[in-house]
Student: 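Dropping a structure here in structure tokens format, bear with me for questions.
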Amino acid sequence: MDPDAHRLELVVDPARPTGRTLLAAGVEQSYVDVADPRHLHFEYVRRMAAVADLAAPPGRPLDVLHLGGGALTLPRYLAATRPGSAQLVVERDPAVVDVVARDLPALPAEVEIRVADARDALTHAPPAGYDLVLADIYRAARMPAHVRGVEFVTEVARTLRPDGVYLVNVTDLPPLVFARVQVATLRAVFADVCLVADRRMLRGRRYGNVVLAAAPRPGRLPVARLAARAARDPVPGGVLHAAALDAFVAGARPATDATLPAR
């Protein structure tokens with residue numbers, strides 16, 4: 001077995017001395033600025049934060065469930081931008097939790113960390129308990145099958161309040177087949193869905209991250225404001241919604257436990 005396969009380390013950003021990058025087997029996983037939790041280095045994290053910012057009036061505390069923790073970038077961001085928010089972070093890898101607790105600043109008492117599998121934790125979560133659920137769940141650079149289907153998304157919807165929002169990070173490469181299936185899967189459960197991504201990804205020109213947002217209530221997502229925010233990002237993004245998202249999905253079928261590999 002390769003001894004480096006599960007190596008975790010935090011390295012200093014040479015361009016920003018207060019920045020720390022969490023590496024897993026040499027691959028970038030998370031980035032935290034130890035002096036400024038509002039600084040978000042990765043573009044997809046900024047896109048998820050943009051939806052969180054627009055989900056409720058500025059500063060209002062939210063009840064938040066994070067599925068996948070990493071270096072806890074977004075829990076730190078939300079603690080800074082929405083003080084008093086009760087946040088539960090579910091992280092499967094205890095080694096990640098240990099490294100982050102040892103080498104990064106402590107989190108507010110309102111942020112709880114739980115070592116567990118995301119789907120197992122979700123099935124035990126209270127109904128209508130959260131305003132915001134964020135999923136960034138990867139294992140060996142792949143989203144595990146058991147968190148990709150309609151059954152998992154249905155559990156997410158159960159835990160959201162009627163005005164809640166679900167956010168999920170998806171990595172994909174042209175022609176974005178996986179992202180199309182994930183959009184179809186969300187649409188099988190949620191009334192309002194949109195996609196945010198680098199414009200170059202939407203033109204099929206690069207590999208990267210796609211952020212999907214979904215809500216139980218029709219018209220809940222702040223699409224126009226999100227599009228304006230995405231356009232101003234250092235890596236300009238586009239938003240697909242309604243008819244544009246219909247065209248993007250182009251007949252993709254929702255994933256289910258029966259169509260996905262065994263857990």
Side-chain angles (χ1 to χ4, degrees), residues 10-24 27-62 64-85 87-91 96 99-100 103-108 110-111 113 131-138 141 165-172 194-201 206-213 221-222 225-239:
L10 279 164
V11 299
V12 176
D13 180 355
R16 191 180 181 95
T18 54
R20 303 289 184 272
T21 303
L22 176 66
L23 304 178
V27 178
E28 293 182 339
Q29 299 293 318
S30 302
Y31 184 103
V32 170
D33 188 312
V34 297
D36 181 7
R38 297 172 186 247
H39 175 76
L40 303 175
H41 179 72
F42 293 132
E43 66 187 70
Y44 84 89
V45 177
R46 294 194 299 271
R47 303 196 201 287
M48 295 182 84
V51 179
D53 288 345
L54 298 171
R60 177 188 290 176
L62 299 175
V64 185
L65 174 62
H66 301 264
L67 301 173
L72 309 177
T73 307
L74 283 169
R76 296 174 196 277
Y77 177 84
L78 288 170
T81 58
R82 297 183 179 276
S85 293
Q87 303 186 68
L88 173 61
V89 182
V90 177
E91 169 56 52
V96 170
V99 167
V100 169
D103 296 334
L104 289 176
L107 290 132
E110 294 86 0
V111 181
I113 313 298
D131 302 300
L132 192 61
V133 176
L134 302 94
D136 191 2
I137 310 165
Y138 280 85
V165 175
Y166 177 44
L167 280 170
V168 56
N169 171 43
V170 174
T171 60
D172 206 357
C194 76
L195 175 156
V196 193
D198 182 338
R199 291 169 179 168
R200 293 169 297 175
M201 281 198 72
R206 61 163 288 197
Y207 165 88
N209 298 79
V210 172
V211 171
L212 306 180
L221 298 175
R225 289 184 294 154
L226 184 59
R229 176 97 166 240
R232 295 193 302 268
D233 190 84
V235 182
V239 175

Student: With a 4.5 Å limit on heavy-atom distance, are the side chains of L22 and V96 in contact?
Tutor: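 Sidechains of V96 and L22: in contact.
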Student: Is a side-chain N or O of R206 found less than 3.5 angstrom from the main chain of M201, in a donor-acceptor match?
Tutor: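 Such a contact is absent between R206 side chain and M201 backbone.
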Student: Identify the heavy atoms of P61 and S85 that sit nearest to each other, and give their distance.
Tutor: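 In terms of heavy atoms, the two residues are closest at CA-OG, 3.4 Å.
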Student: I want to check something: taking the side chain as every heavy atom from C-beta on, are R229 and V196 in contact at a cut-off of under 4.5 Å?
Tutor: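 In short, these two side chains do not touch, never coming nearer than 4.5 Å.
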Student: Closest heavy-atom contact between T73 and S30?
Tutor: OG1-CB, 4.1 Å
Student: List for me each residue that meets salt bridge (charged side-chain N to carboxylate O under 4.0 Å, His left out) alongside D131, sequence neighbours excluded, and say none if there are none.
Tutor: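 Salt bridge (charged side-chain N to carboxylate O under 4.0 Å, His left out) list for D131, sorted by chain: R161.
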Student: What heavy-atom pair brings A230 and R47 nearest, and what distance separates the two atoms?
Tutor: O-NH1, 4.2 Å
Student: Measure the CZ-CG distance between R20 and D13 for me, rounded to the nearest 0.5 Å.
Tutor: 9.0 Å
Student: Let me see the working for E43 and R200 under salt bridge (charged side-chain N to carboxylate O under 4.0 Å, His left out), right down to the final yes or no.
Tutor: CA-CA 13 Å; E43 66 187 70; R200 293 169 297 175; 5.0 Å; no
Student: Check whether any side-chain heavy atom of V51 lies under 4.5 Å from a side-chain heavy atom of V165, and answer yes or no.
Tutor: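 Yes, their side chains come closer than 4.5 Å.
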Student: Any side-chain to backbone donor/acceptor pair from R46 onto L40? Under 3.5 Å, distance only.
Tutor: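 Yes; at least one donor-acceptor contact below 3.5 Å.
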Student: Counting distance only, does the side-chain N/O of Q87 pair as donor-acceptor with the main-chain N or O of E110 below 3.5 Å?
Tutor: no
Student: Okay, side chain of R76, backbone of P105: is any donor-acceptor separation there less than 3.5 Å?
Tutor: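 It does hold such a pair.
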Student: Search all heavy atoms of D136 against all heavy atoms of Y138 and return the closest pair with its distance.
Tutor: OD1-CD1, 3.6 Å
Student: Using side-chain heavy atoms (C-beta onward) and a distance below 4.5 Å, is Y166 in contact with L212?
Tutor: no
Student: Which of these, L88, V133, V89, L134, sits in a side-chain contact (heavy atoms from CB on, under 4.5 Å) with L67?
Tutor: V133
Student: If I compare all heavy atoms of A197 with all of N209, which pair ends up nearest, and what's the gap?
Tutor: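 Where A197 meets N209 most closely, the heavy atoms are CB-O, 4.1 Å.
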Student: Got L72 and L107 here, is their nearest side-chain heavy-atom distance under 4.5 Å?
Tutor: yes
Student: Under a 4.5 Å cut-off applied to non-hydrogen side-chain atoms, are R16 and H41 in contact?
Tutor: no
Student: Taking side chain as C-beta onward, heavy atoms only, is Y44 less than 4.5 Å from T171?
Tutor: no
Student: Taking the side chain from R199 and the backbone from P236, do they hold a donor-acceptor pair closer than 3.5 Å?
Tutor: no
Student: Taking the side chain as everything from C-beta on, heavy atoms only, tell me whether Y77 gets closer than 4.5 Å to M48.
Tutor: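 No, side chains not in contact.
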Student: Applying side chain to side chain contact (heavy atoms under 4.5 Å, CB included) to L78 and H66, what does each step give before you reach the verdict?
Tutor: CA-CA 11 Å; L78 288 170; H66 301 264; 3.9 Å; yes
Student: For C194 and L226, which heavy atoms make the closest approach, and how far apart are they?
Tutor: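 The answer is SG-CD2, 3.9 Å.
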